[in-house]
> 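Quick one: the structure is below, questions incoming.
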There are 2 protein chains.
Amino acid sequence: MATQWPAAEDRTGREPLSVVDRIKQYILLNRLSPGDPMPTEHELSDQLAVSRSRIREAMKTLSALDIVEVRHGYGTFVGTLSLTGLAESLAFRGMLTSHRDKHFLADLIDLRELLEIDWAPLIVERLDTEALAAMRALATTMVDLAAQGREFPVEDRQFHQLLVSTSGNALVGQLLDVFWQVHSLVAETIGPPTHLEETAQAHHAIIDAIESGSAEALEAAIRRHYEPIRERMRRSAGAD
Amino acid sequence: MATQWPAAEDRTGREPLSVVDRIKQYILLNRLSPGDPMPTEHELSDQLAVSRSRIREAMKTLSALDIVEVRHGYGTFVGTLSLTGLAESLAFRGMLTSHRDKHFLADLIDLRELLEIDWAPLIVERLDTEALAAMRALATTMVDLAAQGREFPVEDRQFHQLLVSTSGNALVGQLLDVFWQVHSLVAETIGPPTHLEETAQAHHAIIDAIESGSAEALEAAIRRHYEPIRERMRRSAGAD
DNA sequence: TGGGATTTGTCCGTATGTATG
DNA sequence: GCATACATACGGACAAATCCC
């Protein structure tokens with residue numbers, strides 16, 4: 001199929017499309033998929049009849065949203081449409097507002113807990129033994145690290161990814177991962193972590209609950225998991 | 001307080017910060033709030049010792065995430081940290097993938113339903129009569145418009161905003177609004193709406209349920225509200 | 001291993017459009 | 001209407017990174 005180029009005016013009588021929109025149109029018109037190569041900046045500049053500076057600025061906008069991915073000296077490609085932009089935006093909001101109020105972090109924790117609890121019935125029903133074994137190993141590592149007074153961000157993140165992986169809803173998995181990242185970044189700014197051992201143990205309890213086959217037990221275990229985290233937040237709020 | 005400028009090297013030995021990060025640092029260091037004016041591009045160019053082109057490209061990245069807001073011929077300001085970037089990114093993903101699979105839209109609907117149901121107990125408990133009256137008026141308008149065969153996007157969006165407004169969780173409200181926008185945009189691409197009257201009536205049923213004071217009734221009403229929407233999706237999937 | 005070709009990154013100078021007062 | 005300040009846009013030049021032969 002020949003390359004399709006969007007016109008500056010989508011329909012006569014309407015205002016001309018922005019460069020960003022025309023590049024998005026280009027991707028849609030040519031049915032490109034994540035990873036597919038985009039034209040060079042020079043070619044886009046020619047085809048859309050705008051300077052390379054404008055193309056570059058449009059690309060910056062698009063890469064911030066992970067609609068395209070730019071590789072220095074190599075080329076530009078259709079992005080993976082991940083939610084990295086959301087993570088950056090939320091993390092910045094958290095850092096900017098965490099001085100004034102703690103609402104943001106509290107809302108974030110509530111949302112994480114709520115979404116995980118939503119999937120509790122499905123998780124116990126499907127009971128993915130492979131994932132469960134991996135989660136058990138991660139929990140053990142976390143307890144070990146906690147005993148040494150060390151943190152365990154990598155293990156914690158992976159644990160929660162696995163927990164929701166059985167949901168079948170890719171979107172909620174990605175969102176929860178973003179929330180995890182934002183939480184992790186913002187929490188750093190309010191001081192060192194507390195309740196390390198308690199939090200690590202809470203992950204074992206979550207697996208126990210899943211194996212028990214009771215959705216209610218899992219819900220309770222998830223709630224208990226988030227309690228020390230809320231407690232830490234309350235303390236830092238009081239310390240201000 | 002004198003203006004604080006972030007150094008290119010945060011700590012000796014580490015790699016230098018990107019221009020985007022240095023501008024974010026500038027905002028954090030000077031404790032700026034949404035709406036506060038940013039330095040001009042020329043001044044940023046001087047202070048950060050990089051060309052105006054780089055400043056502009058960085059600004060494009062930051063404005064895509066609504067970290068700054070640029071007003072042509074006037075100035076640049078700290079942005080409102082809204083989730084417009086997420087909406088754009090998700091909407092594009094939906095349009096790009098809706099040809100191949102319907103998972104995305106289905107996941108999105110599930111997520112909207114789930115989050116609204118999560119707040120059902122709180123909504124019936126607090127029972128904001130003002131919001132309820134406004135919602136009732138909106139529902140009536142929706143039914144009128146549906147009877148004329150017309151759509152009612154504005155009313156629908158506002159209705160759902162009001163529904164979750166009593167949750168007290170600002171984040172979930174903003175997220176749901178983004179999901180509404182994305183849903184609306186992506187749904188357009190799969191054809192004209194169906195079940196107009198049924199959907200309009202479903203909103204009346206939601207208010208009835210809230211007034212009944214039963215969280216279970218509200219949950220059921222919300223589920224019924226999303227049923228015709230899922231049905232429309234299934235039909236379009238079958239039509240491919 | 002190396003070197004040339006391609007592509008993105010950075011910078012500069014200048015001109016134009018737009019909002020404020 | 002005018003002057004000023006600011007963002008928008010363009011074109012050209014060179015640097016840096018990557019790939020491929």
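The shown structure was predicted, so the numbers you read here are calculated from the model rather than taken from an experiment.
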> Checking B:E151 now: which residues fulfil salt bridge (Lys or Arg N to Asp or Glu O under 4.0 Å) with it, not counting sequence neighbours?
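Scan of B:E151 (salt bridge (Lys or Arg N to Asp or Glu O under 4.0 Å), adjacent residues dropped) gives none.
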
> Can you confirm whether B:E130 is buried at CD, in the sense that more than 12 heavy atoms of other residues, nucleotides or ligands lie under 6.0 Å from that atom?
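No.
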
> Nearest whole Å is fine: how far is D:dC6 P from B:I55 CD1?
15 Å

> Walk me through it: do B:N169 and A:H103 pass the test side-chain hydrogen bond (donor to acceptor under 3.5 Å, both in side chains)?
CA-CA 8 Å; B:N169 189 321; A:H103 286 305; over 6 Å; no

> Can you confirm if the aromatic rings of A:H183 and A:H160 lie within a centre distance of less than 6.0 Å?
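That pair fails the under 6.0 Å test.
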
> Could you list by number each residue of residues 64-77 of chain B showing a heavy-atom separation from DNA chain C of less than 4.0 Å, or answer none if no residue does?
B:H72, B:G73, B:Y74

> Rounded to whole angstroms, how far apart are NZ on B:K60 and C1' on D:dA9?
10 Å

> Between C:dT8, C:dT10, D:dC10, which nucleotide gets closest to the side-chain atoms of B:R54?
C:dT10

> I need the NE2-P distance between B:H42 and D:dA9, as an integer number of Å.
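Rounded to whole Å, this separation is 20 Å.
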
> Under the side-chain hydrogen bond (donor to acceptor under 3.5 Å, both in side chains) criterion, do A:N30 and A:Q4 qualify, and how do the steps go?
CA-CA 6 Å; A:N30 293 283; A:Q4 304 263 334; 5.9 Å; no

> Just jot down the salt bridge (Lys or Arg N to Asp or Glu O under 4.0 Å) partners of B:D110, sequence neighbours excluded, or say none.
B:R230

> Report the distance from atom CD of A:E41 to atom C1' of D:dC14, rounded to the nearest whole Å.
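Rounded to the whole Å, the gap is 15 Å.
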
> What is the separation between atom CE on B:M59 and atom P on D:dA9, rounded to the nearest whole Å?
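Rounded to the whole Å, the gap is 15 Å.
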
> How close or far is atom P of D:dC10 from atom CZ of A:R56, stated in whole angstroms?
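Going from A:R56 (CZ) to D:dC10 (P), I get 15 Å.
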
> Using whole Å, report how far CG of A:L48 lies from C1' of D:dC10.
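To the nearest whole Å, that distance equals 15 Å.
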
> Provide, to the nearest angstrom, the distance between the CD atom belonging to A:E57 and the C1' atom belonging to D:dC10.
11 Å

> Would you say the side chain of B:R52 and the base of C:dG13 hold a donor-acceptor pair, judged only by whether the two atoms sit under 3.5 Å apart?
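No, the side chain and the base share no sub-3.5 Å donor-acceptor pair.
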
> Tell me which nucleotide among D:dA7, C:dC11, C:dT7 gets nearest to the side chain of B:S53.
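Nearest to the side chain of B:S53 among the choices is C:dC11.
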
> Does NZ or CZ of A:R71 lie under 6.0 Å from the centre of the six-membered ring of A:F77, at an angle within 45° of the ring axis?
yes

